[in-house]
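Letters go in sequence order (proteins before strands), and every chain restarts at 1. This one's a predicted model, so the numbers in the text were calculated from it and none came from an experiment.
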Protein chains: 2
Amino acid sequence: MEQTQNIGSFLINAGIRPSFQRIKIYEYLIIRKNHPTVEMIYKDLNSYIPTLSKTTVYNTLKLFVDKGITQIITIEDNETRYDPDISTHGHFKCTNCGKIFDFSFDNKNLNIKQIENFEIKQTHLYIKGICENCKRKIIIK
Amino acid sequence: MEQTQNIGSFLINAGIRPSFQRIKIYEYLIIRKNHPTVEMIYKDLNSYIPTLSKTTVYNTLKLFVDKGITQIITIEDNETRYDPDISTHGHFKCTNCGKIFDFSFDNKNLNIKQIENFEIKQTHLYIKGICENCKRKIIIK
DNA sequence: TCCATATCTGTAATCATTTCAATTGTAAAA
DNA sequence: TTTTACAATTGAAATGATTACAGATATGGA
Ligand SMILES: [Mn+2]
Ligand SMILES: [Mn+2]
Ligand SMILES: [Zn+2]
Ligand SMILES: [Zn+2]
């Protein structure tokens with residue numbers, strides 16, 4: 001609730017007018033940390049903001065990405081996900097439970113020969129597999 | 001042309017009946033090395049195989065992926081691309097010319113934290129930026 | 001308050017992908 | 001060789017995600 005104040009000024013700082021919908025969508029990203037799809041955001045917020053339009057969710061996320069306060073995560077080709085953490089970090093998707101985990105990695109000492117003279121703007125590392133929790137469950141079965 | 005023989009037996013080996021369309025699509029992937037979209041494959045092959053259906057391209061790529069002889073590359077959320085090189089390797093996409101470059105990297109150098117006990121099945125490293133060629137062109141302007 | 005502009009909304013259009021049923025091709029049995 | 005069963009291909013229709021658009025609503029300053 002009081003978060004609204006912080007988020008409001010954060011959006012202003014990013015050059016975004018802090019409308020009610022924009023604040024709630026950004027707040028959703030920050031609080032849930034779930035790398036959601038548009039559908040997830042829309043469904044979850046719709047119970048709280050019944051007048052919300054899915055178009056607004058699309059528009060708002062596009063704005064966030066354009067203004068550089070959100071990044072697109074494309075681990076699967078059939079679902080676009082969004083992440084308010086714009087730092088370079090990795091994503092692990094569990095193919096069993098579907099959860100997405102953040103992790104850190106070094107990209108400094110990669111010194112890749114084939115693209116030495118290329119100008120790097122974004123680095124995305126995606127790993128798929130089985131999370132620790134699911135591994136345990138599967139062993140028990 | 002004589003490739004057909006090799007590709008045919010390669011497909012058989014992978015448990016895939018080597019139909020004319022399947023051979024041509026796999027041959028396309030191998031020869032072009034362009035990480036194409038379905039649309040690219042369809043358009044390029046259609047002039048050579050006028051009866052080709054886009055559905056066949058979809059079906060065939062799905063089959064290749066299921067049988068493990070092709071991997072899906074999702075650098076952008078709005079274009080699914082295909083790669084017959086199923087080894088773990090990185091992809092660089094130039095945001096200027098759109099070209100996709102392969103590069104090799106060593107997982108060990110990534111020094112990944114937080115997912116030590118997770119079971120890794122696939123690793124995808126995608127980098128976006130400007131390729132060497134485009135960098136030169138842009139400087140000249 | 002009033003006005004100009006930005007934002008939001010719902011619907012329609014677009015585009016990629018999947019589903020489906022009919023047709024065609026293939027490979028082995030008769 | 002002909003028949004037969006099954007696999008692959010095809011094109012049309014359905015689905016689902018995203019975008020375009022135009023009208024309604026909200027906002028902030030004169
Ligand atoms: Mn993240
Ligand atoms: Mn590749
Ligand atoms: Zn899991
Ligand atoms: Zn380039």
Report summary line: The correct set of residues in residues 11-20 of chain A placing a heavy atom under 4.0 Å from DNA chain C is A/Arg17, A/Ser19
Requested in this report: Return no unless some side-chain N or O of B/Thr51 is found under 4.0 Å from OP1 or OP2 of D/dT10.
Outcome: yes
Query - Heavy-atom check, side chain of A/Ile16 versus side chain of A/Ile69, under 4.5 Å - result: yes
Query raised in the report: Between atom NZ in B/Lys54 and atom P in C/dT19, what is the gap in whole Å?
Result: 17 Å
Query - Basic-acidic side-chain contact under 4.0 Å: B/Lys24, B/Glu27 - result: yes
**Report entry** Single-linkage hydrophobic cluster B/Ile127~B/Ile100, side-chain heavy atoms < 4.5 angstrom
**Finding:** no
Query raised in the report: Taking CD1 from A/Ile49 and P from C/dC8, how many angstroms apart are they, rounded to a whole number?
Result: 10 Å
Requested in this report: Could you tell me whether B/Gln21 contacts a base, only the sugar-phosphate backbone, or nothing, with contacts defined as non-hydrogen atoms closer than 4.0 Å?
Outcome: sugar-phosphate
Query - Euclidean distance, atom CZ of residue A/Arg22 to atom P of D/dA26 [Å, nearest integer] - result: 15 Å
Requested in this report: With A/Val57 as reference, evaluate A/Thr55, A/Asn59, A/Leu61 under the side-chain contact (heavy atoms from CB on, under 4.5 Å) test and give the passing residue.
Outcome: A/Leu61
**Report entry** Non-hydrogen side-chain atoms of A/Tyr126 and A/Thr74 separated by less than 4.5 Å
**Finding:** yes
Requested in this report: Could you tell me whether the phosphate oxygens of D/dT18, OP1 or OP2, come under 4.0 Å of any side-chain nitrogen or oxygen in A/Thr80?
Outcome: yes
Requested in this report: Nearest whole angstrom, please: distance from the P of C/dT14 to the CD of B/Glu39.
Outcome: 16 Å
Query raised in the report: For C/dC8, does OP1 or OP2 lie under 4.0 Å from any side-chain N or O of A/Ser53?
Result: no
Query - Parallel, tilted or perpendicular: ring planes of B/Tyr48 versus B/Phe20, cut at 30 and 60 degrees - result: tilted
Requested in this report: Round to the nearest Å and state the distance from B/Lys62 atom NZ to C/dT18 atom C1'.
Outcome: 10 Å
Report summary line: A/Glu79 atom CD is separated from D/dT18 atom P, nearest whole Å, by 10 Å
Query raised in the report: Phosphate oxygens OP1/OP2 of C/dT17: is one of them under 4.0 Å from a side-chain N or O of B/Tyr58?
Result: yes
**Report entry** Rounded distance in Å - CG (B/Leu61) to P (D/dA8)
**Finding:** 15 Å
Query raised in the report: Which of these passes side chain to side chain donor-acceptor pair (under 3.5 Å) with B/His35: B/His91, B/Lys99, B/Arg81?
Result: B/His91
Requested in this report: Indicate, with a heavy-atom threshold strictly under 4.0 Å, whether A/Asn59 touches base, sugar-phosphate, or nothing.
Outcome: base
Requested in this report: Starting at atom CZ of B/Arg81, determine the distance to atom P of C/dT17, rounded to an integer number of angstrom.
Outcome: 11 Å
Query raised in the report: Is the distance from OP1 or OP2 of C/dT9 to the nearest side-chain N or O of A/Thr56 less than 4.0 Å?
Result: yes
**Report entry** Given D/dT10, C/dC8, C/dT17, the nucleotide with the shortest approach to the side chain of B/Val38
**Finding:** C/dT17
